[in-house]
2 protein chains.
Amino acid sequence: MSTTHQDEREFLSHYNIHDYDVPLTSVDLVIFTVREEVLQVLLVRRGEHPFKEMWSLPGGFIDIHRDQDLEATALRKLREKTGVVTPYLEQLQGFGNKTRDPRGWSSTFAYFALIPSEHIELAHGANTEAAQWFRVEENSVQPELAFDHAQILAIAILRLRNKVEYTSLPVHLLPEQFTLSELQGIHEVVLGRTVDKSAFRKRIKEGNFVEEIPDAWRYGSNRPAKLYRRANQPTVYFNRAMGGRVEEKD
Amino acid sequence: MSTTHQDEREFLSHYNIHDYDVPLTSVDLVIFTVREEVLQVLLVRRGEHPFKEMWSLPGGFIDIHRDQDLEATALRKLREKTGVVTPYLEQLQGFGNKTRDPRGWSSTFAYFALIPSEHIELAHGANTEAAQWFRVEENSVQPELAFDHAQILAIAILRLRNKVEYTSLPVHLLPEQFTLSELQGIHEVVLGRTVDKSAFRKRIKEGNFVEEIPDAWRYGSNRPAKLYRRANQPTVYFNRAMGGRVEEKD
DNA sequence: GCCCTTAGTATTTTACTGCAACTAACTTAG
DNA sequence: CTAAGTTAGTTGCAGTAAAATACTAAGGGC
């Protein structure tokens with residue numbers, strides 16, 4: 001046993017990653033928010049080769065000296081671009097093949113973040129490396145994207161729609177305080193269809209993932225609405241979609 | 001534009017990954033089957049450092065010269081260990097941090113495979129690198145595992161149970177021909193509870209992911225059962241669990 | 001003070017699950 | 001040859017939950 005341990009120390013002292021042909025490994029982010037009543041995604045204009053000057057998902061290489069783990073890399077990139085430090089963040093999926101990056105065999109861990117639209121300070125970066133919100137149209141975005149980022153985005157949109165349908169996750173797209181109608185609106189914007197009010201409110205009551213803010217109301221030119229905030233709960237999963245119809249054009 | 005392209009060529013001709021500190025990147029596999037009426041997972045005994053002689057998930061480094069993409073790496077490893085060439089295979093999740101591998105910052109793409117238990121030729125490899133099936137007990141397996149493989153396995157088991165509950169995926173754990181009772185048995189073994197027969201058969205009918213084999217029956221000492229095979233359909237998702245009770249001990 | 005609008009609740013109607021009983025088709029024992 | 005035992009597969013019913021819709025509540029504007 002002790003021999004094995006000594007063997008291992010011996011082995012490690014001679015190990016050098018630069019002796020091997022390894023792939024590039026990066027982390028990319030799909031950052032969603034709802035602005036102007038519409039789902040939007042954050043893109044950055046690339047300041048360097050390859051794909052210089054094309055729009056792409058924010059991301060970059062793992063800094064093996066500064067980053068403890070993959071999530072730390074993702075959070076660092078998110079913070080650099082948006083200033084947001086406590087987003088909803090989950091891993092989307094890995095992508096890796098010979099051809100996605102002209103520099104060589106490349107793999108990436110794609111992450112998926114939700115942030116409220118308010119108080120976001122986008123990174124400018126002198127002309128290049130600028131960040132900007134783009135509207136999500138159906139399954140994609142208007143500009144052509146670098147690498148295989150269009151594919152990653154499409155998968156992220158699917159995943160988002162699915163999670164909005166089946167989990168309590170949409171609360172992360174709203175600011176601190178919100179009304180139930182606003183939360184329902186988020187559902188409708190992301191899913192692209194109306195949602196039944198009583199089914200929606202029943203889910204809210206049963207899920208316990210939001211709580212009333214005592215004595216807080218949003219006033220308008222009609223009956224005031226109760227204000228809610230996120231409860232300190234992990235994501236809740238529901239096993240059914242909610243009722244609703246696809247909106248008809250009129 | 002042409003200038004940008006020339007710039008990019010210039011840039012690429014000088015790019016050398018060995019100039020950078022990069023993480024290790026590997027692919028690991030969680031291979032499930034149902035044998036002896038019980039869920040089992042394939043492990044290999046490590047023949048080399050680090051963690052020499054410990055049990056671990058099968059896997060290894062991406063061979064950037066032979067592997068087209070991540071899935072190709074996963075399929076190659078699966079084939080080397082089991083001989084199986086057409087498994088059900090999906091990506092589980094990525095794992096990566098500073099500490100999981102003593103050789104340095106390491107990331108892995110974990111895959112999740114289902115294979116039928118029949119006709120599997122396990123790799124022997126002279127004493128070391130031997131592959132063996134282990135019973136899944138609750139959320140883990142009896143031997144201690146190398147790296148963070150116990151964590152990866154636990155997540156894979158959760159994912160499997162969830163998918164068995166909500167998708168048509170269990171068909172991939174059975175051989176070419178099977179009866180509906182056998183398929184129901186797979187559900188019960190993986191989920192650890194009984195499943196209602198009529199709810200189960202209703203799901204089968206609606207899902208269209210299996211088809212009757214004409215004139216084929218399994219005979220026993222009682223009424224013969226119709227034989228079925230997988231239909232050529234992608235995985236079907238259901239939005240409800242099926243009825244059933246947790247088995248009571250007697 | 002009435003109307004309009006949005007918030008929020010109650011009721012009815014409809015569909016489907018969960019459960020259990022039932023029939024079907026074979027083998028084996030006597 | 002028949003009865004018993006076992007597993008395959010279907011049917012029917014009752015309780016429950018979801019979808020649809022009608023309703024009440026509470027403000028502001030005029």
Side-chain angles (χ1 to χ4, degrees), chain A residues 37 165-167 171 174 177-189 191 193-229 236-248 250, chain B residues 37 165-166 171 174 177-189 191 193-229 236-248:
Chain A
E37 311 275 281
E165 189 86 79
Y166 290 108
T167 77
V171 291
L174 287 167
Q177 309 196 129
F178 52 87
T179 69
L180 294 189
S181 296
E182 286 164 358
L183 182 52
Q184 185 176 341
I186 295 283
H187 283 253
E188 296 182 340
V189 160
L191 297 176
R193 63 149 211 266
T194 62
V195 165
D196 180 74
K197 191 164 41 161
S198 50
F200 175 76
R201 293 173 110 96
K202 188 181 177 207
R203 166 175 293 198
I204 299 297
K205 286 228 173 64
E206 287 171 358
N208 274 332
F209 53 89
V210 298
E211 56 191 21
E212 289 191 10
I213 306 175
D215 304 316
W217 305 83
R218 170 142 309 154
Y219 295 92
S221 62
N222 44 39
R223 176 172 172 173
K226 196 89 208 55
L227 281 170
Y228 288 77
R229 63 184 165 221
V236 178
Y237 290 76
F238 301 96
N239 59 4
R240 302 190 75 104
M242 281 175 298
R245 302 184 257 281
V246 177
E247 194 118 335
E248 295 189 30
D250 48 15
Chain B
E37 311 275 280
E165 189 86 80
Y166 290 107
V171 290
L174 287 167
Q177 309 196 129
F178 52 87
T179 70
L180 294 189
S181 297
E182 286 164 357
L183 182 53
Q184 185 177 340
I186 295 284
H187 283 253
E188 296 180 341
V189 160
L191 297 177
R193 63 148 211 266
T194 62
V195 165
D196 179 71
K197 189 161 44 158
S198 54
F200 175 75
R201 292 172 111 95
K202 188 183 177 206
R203 166 174 294 199
I204 299 296
K205 286 226 173 66
E206 286 171 0
N208 273 332
F209 53 90
V210 300
E211 56 190 22
E212 290 192 7
I213 305 175
D215 304 316
W217 305 84
R218 169 141 309 153
Y219 295 93
S221 63
N222 43 39
R223 176 172 172 172
K226 195 89 208 60
L227 281 170
Y228 288 77
R229 64 182 165 223
V236 178
Y237 290 77
F238 302 96
N239 59 3
R240 301 190 75 104
M242 281 176 297
R245 303 184 258 281
V246 177
E247 194 118 336
E248 295 187 31

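Chain naming here is simple, since letters A, B, ... match the order of the sequence lines and numbering starts at 1 in each. All values below were derived from every heavy atom in this structure, side-chain atoms included, with hydrogens, water molecules and symmetry-related copies excluded.
We find the CZ-NE2 distance between A:R193 and A:H187 to be 10.0 Å, quoted to the nearest 0.5 Å. Separating the CG atom in B:L183 from the CZ atom in B:R201 is a distance of 10.0 Å, to the nearest 0.5 Å. Between the CD1 atom in B:I186 and the CD atom in B:E37 there is a gap of 8.5 Å [rounded to 0.5 Å].
Contacts with DNA chain C (heavy atom under 4.0 Å) in residues 204-212 of chain A: A:K205, listed by number.
Applying the side-chain hydrogen bond (donor to acceptor under 3.5 Å, both in side chains) rule to B:E188 yields the partners B:Q184; only residues at least two apart in sequence or on another chain are considered. In this structure, A:S181 has no side-chain hydrogen bond (donor to acceptor under 3.5 Å, both in side chains) partners at least two apart in sequence or on a different chain.
Atom CE in B:M242 sits roughly 17 Å away from atom P in C:dC16 (whole-Å rounding). Distance CG (A:D196) to P (D:dA17): 17 Å, rounded to an integer number of Å. The distance from atom CG of B:L183 to atom P of D:dT7 is 18 Å, rounded to the nearest whole Å. Rounded to a whole Å, the NZ atom of A:K202 is 19 Å from the P atom of C:dG8. Following rounding to the nearest Å, B:E188 (CD) and D:dT7 (C1') show an atom-to-atom distance of 14 Å. Rounded to whole Å, the distance from CG on A:L180 to P on D:dA25 is 19 Å. Look at CZ on B:F178: it is 14 Å from P on D:dA8, rounded to the nearest Å. The nearest whole Å value for the distance from the CZ atom in B:R203 to the P atom in D:dG9 is 18 Å.
Between A:G220 and A:S198, the residue anchored closer to the 5' end of DNA chain D is A:S198, taking for each the nucleotide with the nearest heavy atom.
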Heteroatom pairs (N/O) under 3.5 angstrom, protein to nucleotides 3-7 of chain C:
from  : atom 1 : to     : atom 2 : distance (Å)
C:dT6 : O4'    : A:N222 : ND2    : 2.9
C:dA7 : OP1    : A:S181 : OG     : 2.9
C:dA7 : OP2    : A:S181 : OG     : 3.0
C:dA7 : N3     : A:R223 : NH1    : 3.0

Got a list of protein N/O to nucleotides 13-15 of chain D N/O distances below 3.5 Å?
none

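For A:I204 against A:F209, the heavy-atom pair with the smallest separation is CD1-CZ, 3.7 Å. Between A:G207 and A:V236, the shortest heavy-atom contact is O-CG2, 3.7 Å.
No side-chain heavy atom of B:Y228 sits less than 4.5 Å from a side-chain heavy atom of B:V171. B:Y166 places none of its side-chain heavy atoms less than 4.5 Å from the side chain of B:N239.
Distance alone, capped at 3.5 Å, is enough to place a donor-acceptor pair between the A:K226 side chain and the A:A216 backbone.
Annotation: side-chain hydrogen bond (donor to acceptor under 3.5 Å, both in side chains) contacts involving residues 208-223 of chain A, sequence neighbours excluded, comprise A:E182-A:R218, A:E211-A:R229.
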